[in-house]
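The structure under discussion appears below in the form of structure tokens.
Here is how names work: the chains are called A, B, and so on, in the same order as the sequence lines, proteins then strands, and each is numbered from 1. Keep in mind it's a predicted model, so treat the numbers as computed, not measured.
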Amino acid sequence: MNLFAEIRDLVIQSLADLTAQGVLPEGLSMENVTVEPPRDAAHGDMATNAAMVLARPAGMKPRDIAEALAARLAADARIARAEVAGPGFLNMALALPVWHETVRAVLTEGGDFGRSRIGQGLRVNVEYVSANPTGPLHVGHTRGAVFGDALAGLLDFAGYDVTREYYINDGGAQVDVLARSVYLRYLEAHGRDVAFVDGTYPGDYLVDVGVALKQKVGDAWVDQPEEVWLTELRDFATDAMMDLIRSDLAALGVRMDVFFSEKSLYGTGRIEAALADLDAKGLIYEGVLEPPKGKTPEDWEPREQTLFRSTAHGDDVDRPVRKSDGGWTYFAPDIAYHYDKVSRGFDALIDVFGADHGGYVKRMKAAVSALSDGRVPLDIKLTQLVRLFKNGAPFKMSKRAGNFVTLRDVVEQVGPDVTRFVMLTRKNDAPLDFDFDKVLEQSRENPVFYVQYANARVMSVLRRAAEIGIAADDAVLKGADLGAMTHGSELTVARKLAEWPRLVETAARTNEPHRVAFYLYELAGDFHALWNKGNDEPGLRFLQEGDIATSQAKIALARAVSVVISAGLGILGVKPAQEMR
RNA sequence: GGCCCCGUGGCUCAACUGGAUAGAGCAAUCCCCUCCUAAGGGAUAGGUUGCAGGUUCAAGUCCUGCCGGGGUCACCA
């Protein structure tokens, strides 16, 4: 049930009736007619812009349309009042039973309340994390991981068929570096003194890998040239790193559907096939690029290269796909990878990148546009930096190479639920401050706590109800007479619940899971306000001694809040708290 | 220099992709605990949405040009 959609349907139907009566001319487009909550609650429960949108095409005054529409709407039982305001807004106040039915719908539909069908079962691929398999995940990856996972959860809830995918960059030169670094640790495991020269990874996390390698091959590779061990060691090392990364993701509660290996694209003709597709479309050519506009690099020299005509699909310059030594640029396998995604039949693609990859957005979009002939949209979401703090002071990462704050560090210190929620308290393209102390603070400043506390309070009421003998399981509550729910503070909460399905759709349409986190904070706020009013006005308490029917009506509202909080947190991958400790 | 992102009360951020008088939280001042967990709530004060134009019934939101901050910029991924 989506109340806003229902009322919009009513408005559209009413406009159609007016057209049939000849009040409005034929053929008006209703596309831009919206029904939304007004900013100011004093304006009523819902407002429509219909009169203003239609005034010009209809050749009528906004107020005339609004008056006619108001009269029509007032005939519906759900509309308690409809009045014209401002330049032609039509404000509607809804009848009390509408809110009671909203609460009942939440209890009846349970965790499915708010589920949407706007996705229409379309298959969407969300690619995220995709960190190089050269070490453990760090905080930056954590934000991308949480964002991508929450987005996937959101789209699933909105009716899409979602695939969560990780692209393993195991094909480039960085894997050779990894292999050499592991080799050094391997020598170390054999008691050798080693030096980590520039261009190798000195991180401690490779120590165990070196030991494991020793156990596997003994001393067979000691004092052997690279030709002997490099190829095999690459696989060994990337496997070890992917095991590490998988366990990092598991600690955060992220589970991928697909791990796609870049290496699997090489030597199999798949890169060639993708470029052949572009070539057949006349988008591959040999040419010389102009130097970048403005500042020319010192060592610039004109060079003939194999280029992808990405400018034909919105990019600023064409992009090389082959290096001068004949090998592929990194962009070539990326093209092939997205070609693979397109050919797997996805209806939409989403890539989640760190903000430092902003420069690749246009070329990736151009590639997907070209490969799919514009049929498959690619949305690229960039996640901004995470700034770490401890007790309000910037948390310096050690300068020592290879030593950084890992995902594991964060999760072990504050837990996966807090990590996830906090990472979503800012929209993806804004920098995020993460303070190890503040995120554990129990105060209104901390949204994680605030939302969890609201849910815990509901649970507390349910436990207390059981103690004093008031039946309050869901089966009872959804059949309860909600007539006793009339107070303004109660209706404020019900109104907020009614917004949930609409919020889900907006968040899904924009690919912005942070909206869910903000909504939950607002819902919790309305609930806390109601709770506190119960301190002043005993009549607003959820448990009314000696009046089981009234208690059940009020408990039903509280329970509905926890149902929506649980559903919302579920989308974000956070477990709701049953009690605070 | 080109491209991308950001600029909203003293501070940290929202604003339902164009809707009404721009909303929250911190900080400030004042109030509310025999009461379902006060780990909370209520009230007051605080704004030319970086600047200047434009588009329209309507602009924080869209367009153009500036200013400021960040990212990025051909054979590294």
Side-chain angles (χ1 to χ4, degrees), chain A residues 4 32 34 36-40 42-43 47 49 51-53 55-56 62 85-89 91 132 134 169 171-175 262 288-297 299-301 303 305 307 315-320 322-327 329-331 333-334 354-362 382 384-385 425-427 429-431 433 441-447 449-450 453 456-458 460-465 468 499 502-503 505-507 509-510 512 514-515 518-519 521-522 525 528-536 538 541-544 554-555 558 579-580:
Chain A
F4 288 87
N32 293 325
T34 62
E36 44 196 61
R39 286 194 185 184
D40 189 341
H43 291 143
N49 62 354
M52 286 179 294
V53 170
R56 181 186 287 263
F89 278 97
N91 292 330
N132 286 345
T134 54
N169 285 282
Q174 78 278 6
V175 177
E262 175 192 359
V288 179
L289 285 176
E290 297 282 313
K293 289 208 164 51
K295 203 167 70 180
T296 305
D299 57 346
W300 176 265
E301 56 185 52
R303 195 159 31 218
Q305 294 168 298
L307 300 168
D315 202 358
D316 303 313
V317 291
D318 294 336
R319 306 289 177 176
R322 233 184 235 288
K323 299 189 279 190
S324 55
D325 66 3
T329 63
Y330 62 86
F331 187 39
D334 277 349
D356 55 341
H357 285 61
Y360 309 117
V361 170
K362 284 189 179 181
L382 303 177
Q384 269 289 352
L385 292 177
T425 53
R426 214 94 309 171
K427 58 183 169 197
D429 52 10
D433 291 349
E441 209 168 82
Q442 302 195 328
S443 74
R444 175 155 199 177
E445 273 185 86
N446 181 358
F449 164 77
Y450 192 70
Y453 186 35
R457 276 181 153 172
V458 176
S460 165
V461 168
L462 294 177
R463 284 192 297 268
R464 180 84 186 122
I468 60 177
E499 282 178 34
R502 182 183 145 85
L503 185 282
E505 293 187 356
T506 303
R509 245 196 338 267
T510 53
E512 292 181 343
H514 77 274
R515 291 175 187 271
F518 280 97
Y519 168 84
Y521 183 73
E522 289 169 13
H528 284 307
L530 172 59
W531 179 288
N532 206 252
K533 275 221 167 64
N535 290 333
D536 300 331
R541 295 179 195 172
F542 298 106
L543 300 177
Q544 298 291 321
K554 294 179 183 299
I555 295 169
E579 56 186 328
M580 306 307 291

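Rounded to whole angstrom, the span from the CG atom of L382(A) across to the C1' atom of G70(B) amounts to 13 Å.
In terms of phosphate contacts, W531(A) brings a side-chain nitrogen or oxygen within less than 4.0 Å of OP1 or OP2 of A38(B). The side chain of R319(A) contributes no N or O atom lying less than 4.0 Å from OP1 or OP2 of C3(B).
Looking at the side chain of R457(A), the nearest of the listed nucleotides U12(B), G42(B), U37(B) is U37(B). Comparing G71(B), A74(B), U37(B) against the side chain of E579(A) picks out U37(B) as the nearest.
Looking at which nucleotide of RNA chain B each of N535(A) and R322(A) is closest to, the 5′-most match is held by N535(A). Nearest-nucleotide assignment on RNA chain B puts the 5′-proximal partner with K533(A), out of K533(A) and Q174(A).
Remark: G68(B) base-pairs with C6(B). Criterion, Watson-Crick or G-U wobble with two distances under 3.5 Å. Using the Watson-Crick or G-U wobble rule with both distances under 3.5 Å, C33(B) pairs with nothing in any strand shown. In this structure A24(B) sits in a base pair with U12(B), meeting the Watson-Crick or G-U test at under 3.5 Å. In this structure G1(B) sits in a base pair with C73(B), meeting the Watson-Crick or G-U test at under 3.5 Å.
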At under 4.0 Å between heavy atoms, which parts of nucleotides 14-24 of chain B does protein reach? Answer with one letter per nucleotide, 5' to 3': B base, S sugar-phosphate only, - none.
SSBB-BB-S-S
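With P as the reference atom, U61(B) and U49(B) are 10 Å apart, rounded to whole Å.
If you take CZ on R463(A) and CD on E579(A), they are separated by 5.0 Å, rounding to the nearest 0.5 Å.
Side-chain contact, Y519(A) with R515(A): no donor N or O sits under 3.5 Å from an acceptor N or O.
Note on Y450(A): only backbone sugar-phosphate atoms sit closer than 4.0 angstrom, heavy atoms only; bases stay farther off. Contact annotation for P62(A): no contact, since no heavy-atom pair falls under 4.0 Å across all strands.
Proximity of N446(A) to Y453(A): side-chain heavy atoms (C-beta onward) are nowhere separated by under 4.5 Å.
A cation-pi arrangement is absent between R319(A) and F331(A) under the rule of less than 6.0 angstrom and at most 45 degrees off the ring axis.
Shown here is E290(A), whose CD atom has no more than 12 heavy atoms of other residues, nucleotides or ligands within 6.0 Å.
Judged by atom type and distance alone, R541(A) reaches the base of C35(B) through a side-chain donor-acceptor pair under 3.5 Å.
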